[in-house]
Amino acid sequence: MSDTDHRMAPASTLGVFATLRRGTQVSPQLLDGLVITVLLAVVAAVGRVVVPIAVQQTVDTGILAPGGPQVERVVWLAAVATLVLLVGAVCSAYVNVRLFRSSEAGLLALRTRAFRHVHDLSVLTQNTERRGSLVSRVTSDVDTISLFVQWGGIMLLVSGLQIVVATVLMAFYSWQLTLLVWLCFVPLVVVLQPLQKRVNARYTAVRERYGAMLGAVSEAVVGAETIRAYGVADRTQRKIDASIGGTRRAMVRAQNLVATVFASGVLVANLVLAVVVVVGTHLGVTGEVTAGQLLAFLFLVQLFTGPVQMATEVLNELQNAIAGWRRVLGVIETPVTVVDPGADGVPSPRGPARVELVGVDFSYPDGPPVLQDVHLAVPAGSSVAVVGATGSGKTTIARLVARFMDPSAGTVLLDGADLRDVELATLRERVVLVPQEGFLFDGTLAQNMAYGLRDEGDDEARVREAVDALGLDTWVDELAAGLDTPVGQRGESLSAGERQLVALVRAHLASPDLLLLDEATSAVDPATEVRIARALASLTQGRSTLTIAHRLSTAEAADAVVVVEDGVVVEHGHHHDLVALDGIYAAMHRAWVSQTR
Ligand SMILES: Nc1ncnc2c1ncn2[C@@H]1O[C@H](COP(=O)(O)OP(=O)(O)OP(=O)(O)O)[C@@H](O)[C@H]1O
Ligand SMILES: [Mg+2]
């Protein structure tokens with residue numbers, strides 16, 4: 001496996017049509033019932049040109065009829081026109097609803113698939129690619145597509161057809177005037193296209209500034225305590241003011257351009273109308289068009305200019321949507337590096353787990369080797385402690401055993417089976433990693449403790465049982481609201497030690513065969529320390545345990561100790577043997593003893 005496998009494709013490199021094809025393959029719902037939608041759009045477009053036809057007929061055959069005005073015919077024409085208008089409006093609304101439905105269904109599928117895929121990606125891919133960018137791909141990029149499919153789809157369908165129908169009808173009344181209108185408008189589209197691009201660039205700038213502003217504001221809110229502690233409130237405020245000001249300037253710049261573009265569009269449209277009136281009157285005098293036809297023509301020009309002005313905007317929306325689509329497809333097409341063998345995996349029945357690392361090498365993407373030729377064994381039911389300086393690769397070992405990633409060389413074996421051959425669902429049941437800093441979700445203590453429970457059941461009772469089993473009932477009872485105590489965002493209402501206790505209850509509920517414990521480095525008060533030690537004793541009872549030990553008391557109690565230095569196992573044996581060896585471990589231990597006792 002090469003390092004580049006871990007990185008996410010920045011965006012798919014497909015061409016426009018290939019992107020559309022691939023996009024509709026991923027979300028086939030987008031094409032559901034498209035034929036009927038197009039037919040309805042045709043009816044809607046025809047419905048919109050009924051007014052000019054009715055006007056022409058009313059003037060030429062009703063009001064200016066050879067035998068004097070024919071009121072009955074005018075009423076009849078008005079009635080028919082109203083009916084057609086109504087049918088057109090209903091069809092148009094129905095086209096909206098249908099496009100909305102199919103696009104929401106299609107984009108739901110896309111979003112779900114992208115989200116699932118993000119979950120399947122190894123932690124490495126998620127680390128390399130900033131998580132925020134992944135979130136924006138699954139949310140706002142999909143929104144861009146959705147905006148285009150709904151709004152742009154309507155524009156393309158109904159307005160595109162409206163342009164066609166209006167042109168056909170205009171040509172029917174007067175080919176000379178039609179030619180004139182087209183000649184006036186083609187240059188407008190040509191001029192508007194680059195202008196619209198600049199509008200887009202300015203809006204991109206607005207979005208970037210806005211994102212930066214949100215970042216600055218939320219960071220200041222989240223970090224309020226640190227800001228206050230260092231008395232840097234003024235400086236922070238200036239930074240925030242600057243980013244708010246930047247957003248405002250970017251917005252004003254964008255709006256100015258939009259106003260100019262819009263005003264020039266309206267101006268050109270009205271100039272064209274004026275030209276049509278002048279030339280049309282001329283043609284009328286020579287008998288080439290009737291009064292009714294000229295009037296109808298003026299209406300048609302308006303039906304024509306609206307969508308033409310929109311066309312450039314739609315094209316840009318289309319470009320945005322394609323870009324968004326490429327980014328989302330890029331997520332979906334990023335290869336999953338930690339491949340799940342699924343049901344084809346070798347059976348891995350529950351029971352005391354035996355783990356071995358055989359000649360394991362590992363390096364993070366683009367990084368130096370972190371582990372080199374690591375050999376390590378945790379016999380079934382025994383406890384092994386890994387000790388070593390910070391950055392020596394201890395957490396990396398735990399991650400490899402949990403198969404958050406695969407080793408660059410060598411193998412990790414669970415009961416003799418290569419981890420790569422064990423179904424991930426089974427592996428997650430048998431092996432649980434309690435990370436150095438567990439993540440707590442906004443909710444109650446009980447909800448967080450029950451977080452790892454996969455099956456449905458009486459969570460409350462099971463949490464209670466686990467709390468009792470770990471001897472934490474006195475602690476929970478001391479809390480104001482007991483198990484219903486809210487933990488705050490990321491558990492910030494709890495102390496570091498309390499967060500560890502929650503993590504231990506979580507692990508107990510998951511009831512794994514092998515427990516990977518990455519001891520927290522944060523110091524806790526003596527009372528909590530005792531609680532943690534007691535809870536750990538019950539938690540590790542009868543289970544294979546691999547502990548990344550920061551407290552050497554854990555190493556003293558373990559069946560075996562592994563000393564890691566710069567990614568290499570340098571010492572291995574029981575605590576007493578290693579002390580007797582008088583090597584690195586003995587020195588670490590002496591330092592620790594003099595500090596704590
Ligand atoms: N996600 C990552 N991406 C890139 N490099 C990483 C990543 N995680 C760790 N490293 C690097 O790998 C090396 C080993 O890190 P590791 O977290 O395994 O150390 P550790 O022994 O657990 O340290 P500590 O005692 O501080 O927890 C370090 O040099 C670290 O910078
Ligand atoms: Mg660590």
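Note: hydrogens, waters and symmetry copies are ignored here, and every other heavy atom, side chains too, is used. Each residue takes its place number in the sequence, starting with 1. Counting starts at 1 for both ligands and their atoms, following the listed order.
- Heavy atoms of Gly388 stay at 4.0 angstrom or farther from ligand 1.
- Proximity annotation for atom 10 (N) of ligand 1: of Phe404, Phe362, Tyr364, Tyr364 comes nearest, heavy atoms only.
- Side-chain contact between Trp325 and Arg22 is absent, with no heavy atoms from C-beta onward closer than 4.5 Å.
- Close approach of ligand 1 to Arg399 (heavy-atom distance below 4.0 Å) involves ligand atoms 8 (N).
- In this structure, Ser392 is part of the shell of residues with a heavy atom less than 4.0 angstrom from ligand 1.
- The aromatic rings of His589 and Tyr585 lie parallel to each other, with less than 30° between the two planes, well short of the 60° mark.
- Between the Asn448 side chain and the Phe441 main chain, a donor and an acceptor come within less than 3.5 Å of each other.
- One finds no salt bridge joining Arg238 and Asp241 here, because no Lys/Arg side-chain nitrogen approaches an Asp/Glu carboxylate oxygen to under 4.0 Å.
- The closest non-hydrogen atom to atom 17 (O) of ligand 1, taken over Thr390, Val387, Thr395, comes from Thr395.
- Annotation: angle subtended at the Mg ion (ligand 2) by Thr395 OG1 and Gln436 OE1 is 90°, to 10°.
- Each of the atoms 27 (O) of ligand 1 lies under 4.0 Å from some heavy atom of Gln436.
- The backbone N or O of Asp559 sits less than 3.5 Å from a side-chain atom of Ser383, completing a donor-acceptor pair.
- No hydrogens or angles considered: nothing links the side chains of Arg420 and Thr411 as a donor-acceptor pair under 3.5 Å.
- The pair Asp525-Arg531 does not count as a salt bridge, with every side-chain nitrogen at least 4.0 angstrom from each carboxylate oxygen.
- Annotation: Val370 places no N or O atom under 3.5 Å from an N or O atom of ligand 1; distance criterion only.
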Apply salt bridge (charged side-chain N to carboxylate O under 4.0 Å, His left out) to the pair Asp340 and Arg403, showing each step before the final yes or no. CA-CA 10 Å; Asp340 185 2; Arg403 203 176 173 221; 5.7 Å; no
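- At least one N or O atom of Thr396 sits closer than 3.5 Å to an N or O atom of ligand 1.
- Set against the non-hydrogen atoms of His550, the atoms of ligand 1 under 4.0 Å away are 25 (O).
- Using a 4.0 Å cut-off between heavy atoms, Glu565 makes no contact with ligand 1 at all.
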